[in-house]
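Structure record follows, encoded as C-alpha cells.
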Amino acid sequence: MKLPPPLSFLPPLPSPPRLPRLPGPRLSSALVGATALELAVLAGHLITYPLGLTPERPESPEHPESRAGSAGSAGSAGSERPESPARTDRPENAPARPLALPVTGDPTAPAAAPPVVLLHGFIDNRSVFLVLRRALTRHGHRRTASLNYSPLTRDIRAAAALLGRQVEAVRARTGHDRVDIVGHSLGGLIARYYVQRLGGDRRVRTLVTLGTPHGGTAVAPGAGLHPIVRQMRGGSPVIEELRLPAPGCRTRFVSFWAELDQVMVPVKTACVDHPDLDAVNVRVTGIGHLALPVHPAVAAAVREVLETPETGEADVPVTGATSAA
C-alpha cells in the first residue's frame with residue numbers, strides 16, 4: 001500500500017526560546033590544585049597516623065652529678081667509689097616527679113633557643129608534625145616535645161590546663177625558663193587560651209598557630225556531637241573570652257593562615273586580631289588546611305620565626321608560598 005506524502009502545508013514549529021546562561025561557579029586552578037594536595041596529605045596522614053597514637057618514649061635526663069661521679073671513678077681504679085647523689089634511692093614518702101614530656105633534638109643546641117612544644121589539632125596526634133619536626137631538628141638542632149591530648153577532651157579550658165602542666169615539665173627537664181609552641185588548628189586555640197587566660201605568657205616566648213580559628217569558624221563538623229567543636233564556633237564563650245583585654249601579655253603571636261583553607265570560614269578567622277597582643281599574621285597561598293603543618297615552605301617560615309630574637313620579631317622574612325599580611 002502506497003503511503004500518502006507528508007503534509008507540507010503545516011507551518012514549522014517554532015524552536016524553543018534560548019534561555020540566558022546563568023553564571024556558574026568556576027573552580028580556579030589554584031583551588032583544584034589545593035584540593036588535590038589536601039587529598040594527598042590526608043591519604044599520607046592516614047598512613048602515618050598510627051605512628052603517633054602512643055606518647056613519645058620518655059628519655060631519662062643525665063644528671064651532672066652522675067657524670068662527675070663516673071669520671072672520678074674511672075680516674076682512680078681500685079679506690080672506693082663514693083655514692084653519687086644521683087644514684088640515691090628516692091624515699092618512699094618523697095613526692096613523685098611530674099610527668100615530663102620527652103624532649104628530642106640536639107642537646108648541644110644554643111642555650112638561648114627555647115624548646116619547642118608541638119600541639120596537634122582535633123582528632124589528630126603528634127604524627128602530623130613529622131615534616132615540621134624534621135625541619136626544626138635538621139636546621140636548628142632544636143629540642144622538640146610533642147603532646148597528645150585525647151580526642152575525648154570536651155573542653156578547651158581543660159586542655160589548656162593540661163598543656164600548662166606539660167610546659168612546666170618541659171621547663172624542668174630542659175632547664176629553660178620559656179618555651180615556644182606551635183599549634184595546628186584546635187591545638188593553636190588551646191595554646192592561645194593557655195597563654196592569654198591562664199598566665200602562660202610567663203612561660204611561652206612565641207606561639208605559632210597554623211590554621212587556627214582565632215575568631216571562630218562557621219565550619220564545625222560534628223558540632224552537635226562534640227562540645228569542644230562547639231567551642232570553635234564563632235560567638236562561643238571560649239572565643240568571647242579570647243576577645244577580652246589582655247594587657248601586658250608577654251608572648252608574641254605569629255599566625256599562618258591559608259587563602260584556600262576550607263575549614264576556616266571566613267578564611268581570615270585564622271588571623272590574630274587583638275589590640276593587646278603582639279601579633280603577626282602570615283598569609284599562605286596555594287594550599288589548604290591540612291597542608292599547613294607539612295608544607296616545606298611553611299616549615300621553613302616557621303623555623304625562621306622561631307630563630308628570630310624577641311626584638312624585631314615584626315620583621316620576620318618569609319619565603320616560598322608565604323607572605324606577611
Side-chain angles (χ1 to χ4, degrees), residues 55 98-101 116-126 128-129 145-172 178-255 263-265 269-279 289 293:
L99 178 63
L101 276 176
V116 182
V117 177
L118 305 174
L119 195 60
H120 61 79
F122 181 61
I123 314 183
D124 210 339
N125 59 43
R126 59 187 178 87
V128 73
F129 289 115
S146 296
L147 168 63
N148 274 359
Y149 58 90
S150 170
L152 302 179
T153 303
R154 300 172 59 87
D155 184 37
I156 288 177
R157 303 175 186 90
L162 171 63
L163 172 61
R165 294 193 294 270
Q166 297 291 3
V167 166
E168 292 301 321
V170 171
R171 291 179 61 249
R178 307 182 80 187
V179 304
D180 293 335
I181 297 180
V182 179
H184 178 232
S185 195
L186 173 60
L189 202 60
I190 293 171
R192 179 179 172 183
Y193 193 93
Y194 163 65
V195 166
Q196 192 174 330
R197 303 296 299 165
L198 302 182
D201 61 310
R202 297 173 300 170
R203 304 293 189 235
V204 180
R205 184 192 68 153
T206 302
L207 171 57
V208 177
T209 63
L210 309 173
T212 290
H214 291 284
T217 177
V219 177
L225 302 176
H226 206 298
I228 206 169
V229 179
R230 291 196 294 270
Q231 292 180 335
M232 290 189 284
R233 300 287 297 264
S236 72
V238 169
I239 297 297
E240 293 304 313
E241 277 190 66
L242 295 178
R243 299 185 191 277
L244 296 176
C249 184
R250 286 160 282 194
T251 299
R252 61 172 179 173
F253 294 77
V254 180
S255 173
V263 180
M264 299 295 107
V265 178
T269 193
C271 297
V272 177
D273 184 13
H274 195 291
D276 295 332
L277 302 182
D278 177 14
H289 187 76

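Computed from a predicted model, the values in this text were never measured in an experiment.
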Is there side-chain contact between [X] and [Y], with heavy atoms separated by less than 4.5 Å?
X: V117; Y: Q166; value: no
X: L210; Y: V182; value: yes
X: L277; Y: Q196; value: yes
X: T269; Y: M264; value: yes

*Please list, chain by chain and in numerical order, all residues satisfying side-chain contact (heavy atoms from CB on, under 4.5 Å) with A160, sequence neighbours excluded.*
I190, Y193, Y194, L198

_Restricting to side-chain contact (heavy atoms from CB on, under 4.5 Å), what partner residues turn up for S185, sequence neighbours left out?_
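Here the qualifying residues are H289.
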
Can you name the residues that form a side-chain hydrogen bond (donor to acceptor under 3.5 Å, both in side chains) with [X], not counting sequence neighbours?
X: E168; result: R171, R203
X: S255; result: T209
X: D276; result: none
X: R243; result: E240

*Can you sort out the partners of H214 under ring pair (Phe, Tyr, Trp, His ring centres under 6.0 Å), two or more places apart, ordered by chain and number?*
none

Identify the heavy atoms of [X] and [Y] that sit nearest to each other, and give their distance.
X: H184; Y: V128; result: ND1-CG2, 4.5 Å
X: G200; Y: T251; result: O-OG1, 4.3 Å
X: R126; Y: S146; result: CB-CB, 3.6 Å

_Which residues pass the salt bridge (charged side-chain N to carboxylate O under 4.0 Å, His left out) test with R202, not counting sequence neighbours?_
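Checked R202 against salt bridge (charged side-chain N to carboxylate O under 4.0 Å, His left out); zero matches.
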
*Go through the structure and list residues passing salt bridge (charged side-chain N to carboxylate O under 4.0 Å, His left out) with D273, not counting sequence neighbours.*
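Salt bridge (charged side-chain N to carboxylate O under 4.0 Å, His left out) check on D273 returns nothing, list empty.
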
*Run the salt-bridge test on R205 and D180 with the 4.0 Å N-O cut-off and return the result as yes or no.*
yes

*With rounding to the nearest 0.5 Å, note down the distance linking CD1 in I239 to CZ in R230.*
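Result: 14.0 Å between the selected atoms.
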
*Which of these passes side chain to side chain contact (heavy atoms under 4.5 Å, CB included) with I181: L118, L163, V116?*
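For I181, the side chain to side chain contact (heavy atoms under 4.5 Å, CB included) test succeeds with only one of L118, L163, V116, which is L163.
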
_Positive for side chain to side chain contact (heavy atoms under 4.5 Å, CB included) with L119, one of L207, L147, L189_ = L147

*Ring centroid separation Y149 to H120 under 6.0 Å*: yes

*Pairs satisfying salt bridge (Lys or Arg N to Asp or Glu O under 4.0 Å), at least one member in residues 183-200, at least two apart*: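 Residue pairs passing salt bridge (Lys or Arg N to Asp or Glu O under 4.0 Å), neighbours aside: R197-E241.
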
